[in-house]
Amino acid sequence: MKIQIMFMIIMLMMLSSLSFSQGESKVASSPEEINPLKTGQTMPEVNIKNIKGESVSLNSLVSEKPTILIFYRGGWCPYCNVHLAKLQGIESELLALGYQIIALSADSPEMLSETLDKNELKFSIYSDNESVASTAFGLAFKVSDDYMEKLASYNIDLEKATANTDHILPVPAVYMLNTSGLIEYDYSNPDYKVRLDTDELLSKAQTLQSEQK
C-alpha cells in the first residue's frame, strides 16, 4: 500500500513538473529559443481579431480554403512591409492556385488599417496583439530591454503599436495549411531581416497543389 502511495506521489510530481515546463516554454526568452510548429503537425484552436477588434476563429478562416498564413511583427517594421508588399505581388497567382493569404501581426486592431493603406494590401490581415496565435504556434518571444531601447531610438513605441505592455513579438514565419489545419509547409527564421523568398513560396504552393491533383 505504501509503495502504491509513493508511486502515485512520484507520478503527480512528474506531471506537475512537466506542466510547469510546458507553460514556461510557451513564450521564448529570445528569437533563437522559439519552438515553432512544423510540417506534419496540426494548427491549434485559436482566436484572433479583425480590423474592428472582433474575435474571429482562425481555424474557421482556414477551413474555407487552403491558406498561406503569415506571421509578421508589425506595420512599424520596414522588413515586414517589404515582405507584405512582395506577397501582394504574387497574390493573384496564389489565388489562382486556390489559396488565400492571411497575415497576423502583434499590432492592435486599430493599427491594421494603416498597414493596409500603406502597402495597398488586398489580402486579409488580422491582429494577434495578445499573442494567442504566435504563442500557440511556438513563435512568440519576449523582447529584451535592450531591443526595446533600440526600438525607442527609432521612435517606435511597441506598447502603443500592440496596445499592451507584454513586450511580446512573433518571429516572422510562413505556414501553408490545408482546410483541415494540417501544416503542409513551414518557414521561420529568428533573424527578422531574413524572409522567405516569394518565388520560393509560389513554387512550393504550385508543387503542393500539383501533388494533390
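Computed from a predicted model, the values in this text were never measured in an experiment.
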Would you call [X] and [Y] a side-chain contact if the rule is heavy atoms closer than 4.5 Å?
{"X": "R195", "Y": "C80", "answer": "yes"}
{"X": "I101", "Y": "L94", "answer": "yes"}
{"X": "P36", "Y": "V171", "answer": "no"}
{"X": "L151", "Y": "W76", "answer": "yes"}
{"X": "S105", "Y": "L112", "answer": "yes"}

| task | Not counting sequence neighbours, which residues clear ring pair (Phe, Tyr, Trp, His ring centres under 6.0 Å) with Y126? List them please. | result |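 By the ring pair (Phe, Tyr, Trp, His ring centres under 6.0 Å) rule, Y126 matches no residue at all.
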Between the side chain of [X] and the main-chain N/O of [Y], is any donor-acceptor distance below 3.5 Å?
{"X": "D128", "Y": "S134", "result": "yes"}
{"X": "Q100", "Y": "L61", "result": "yes"}
{"X": "S203", "Y": "D199", "result": "no"}
{"X": "S57", "Y": "S60", "result": "yes"}
{"X": "D166", "Y": "I168", "result": "no"}
{"X": "T135", "Y": "V132", "result": "no"}
{"X": "T67", "Y": "L69", "result": "no"}

Look up atom [atom1] in [X] and atom [atom2] in [Y], then write down how far apart they are to the nearest 0.5 Å.
{"X": "L177", "Y": "S63", "atom1": "CG", "atom2": "OG", "result": "11.5 Å"}
{"X": "H83", "Y": "D197", "atom1": "NE2", "atom2": "CG", "result": "8.5 Å"}
{"X": "I51", "Y": "I125", "atom1": "CD1", "atom2": "CD1", "result": "6.0 Å"}
{"X": "L169", "Y": "H167", "atom1": "CG", "atom2": "NE2", "result": "9.5 Å"}
{"X": "S131", "Y": "F141", "atom1": "OG", "atom2": "CZ", "result": "10.0 Å"}
{"X": "Y187", "Y": "K204", "atom1": "OH", "atom2": "NZ", "result": "14.5 Å"}

Kindly work out whether a path of hydrophobic side-chain contacts (I/L/V/M/F/W/Y, heavy atoms less than 4.5 Å apart) joins [X] to [Y].
{"X": "I183", "Y": "L208", "answer": "no"}
{"X": "Y192", "Y": "L201", "answer": "no"}
{"X": "M111", "Y": "F123", "answer": "no"}
{"X": "L87", "Y": "L95", "answer": "no"}
{"X": "L58", "Y": "F71", "answer": "yes"}

Does a side chain donor of either [X] or [Y] reach within less than 3.5 Å of an acceptor in the other side chain?
{"X": "Y175", "Y": "E184", "answer": "no"}
{"X": "N129", "Y": "S108", "answer": "no"}
{"X": "E159", "Y": "T165", "answer": "no"}

| said: Other residues, nucleotides and ligands only: do more than 12 of their heavy atoms fall within 6.0 Å of NZ on K86? | reply: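 Atom NZ in K86 is not crowded, with 12 or fewer foreign heavy atoms closer than 6.0 Å.
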| task | Apply side chain to side chain contact (heavy atoms under 4.5 Å, CB included) to L196 and Y185, showing your working. | result | CA-CA 12 Å; L196 178 64; Y185 176 78; 3.6 Å; yes
Identify the two heavy atoms, one from [X] and one from [Y], that lie closest to each other, and give their separation to 0.1 Å.
{"X": "L97", "Y": "Q206", "result": "CD1-CG, 3.6 Å"}
{"X": "L84", "Y": "A103", "result": "CD2-CB, 4.2 Å"}
{"X": "E64", "Y": "T179", "result": "C-CG2, 4.3 Å"}
{"X": "I48", "Y": "A133", "result": "CG2-CB, 4.2 Å"}
{"X": "S180", "Y": "T42", "result": "O-CG2, 4.1 Å"}
{"X": "G98", "Y": "P66", "result": "O-CD, 3.5 Å"}

| query | Should the pair R73 and Y79 be classed as cation-pi, given the thresholds of under 6.0 Å to the six-membered ring centre and 45° from the axis? | reply |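 So R73 doesn't make the cation-pi contact.
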| request: Begin from the C-alpha positions of S127 and D107 and carry the test side-chain hydrogen bond (donor to acceptor under 3.5 Å, both in side chains) through to its verdict. | output: CA-CA 6 Å; S127 170; D107 281 343; over 6 Å; no
| task | Quick one: which residue pairs count as a side chain to side chain donor-acceptor pair (under 3.5 Å) with a foot in residues 116-125, not counting sequence neighbours? | result |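 The answer is N81-N119.
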| task | Mind running side-chain hydrogen bond (donor to acceptor under 3.5 Å, both in side chains) on Q209 and Y99 for me, showing each step along the way? | result | CA-CA 10 Å; Q209 287 304 303; Y99 284 96; 3.0 Å; yes
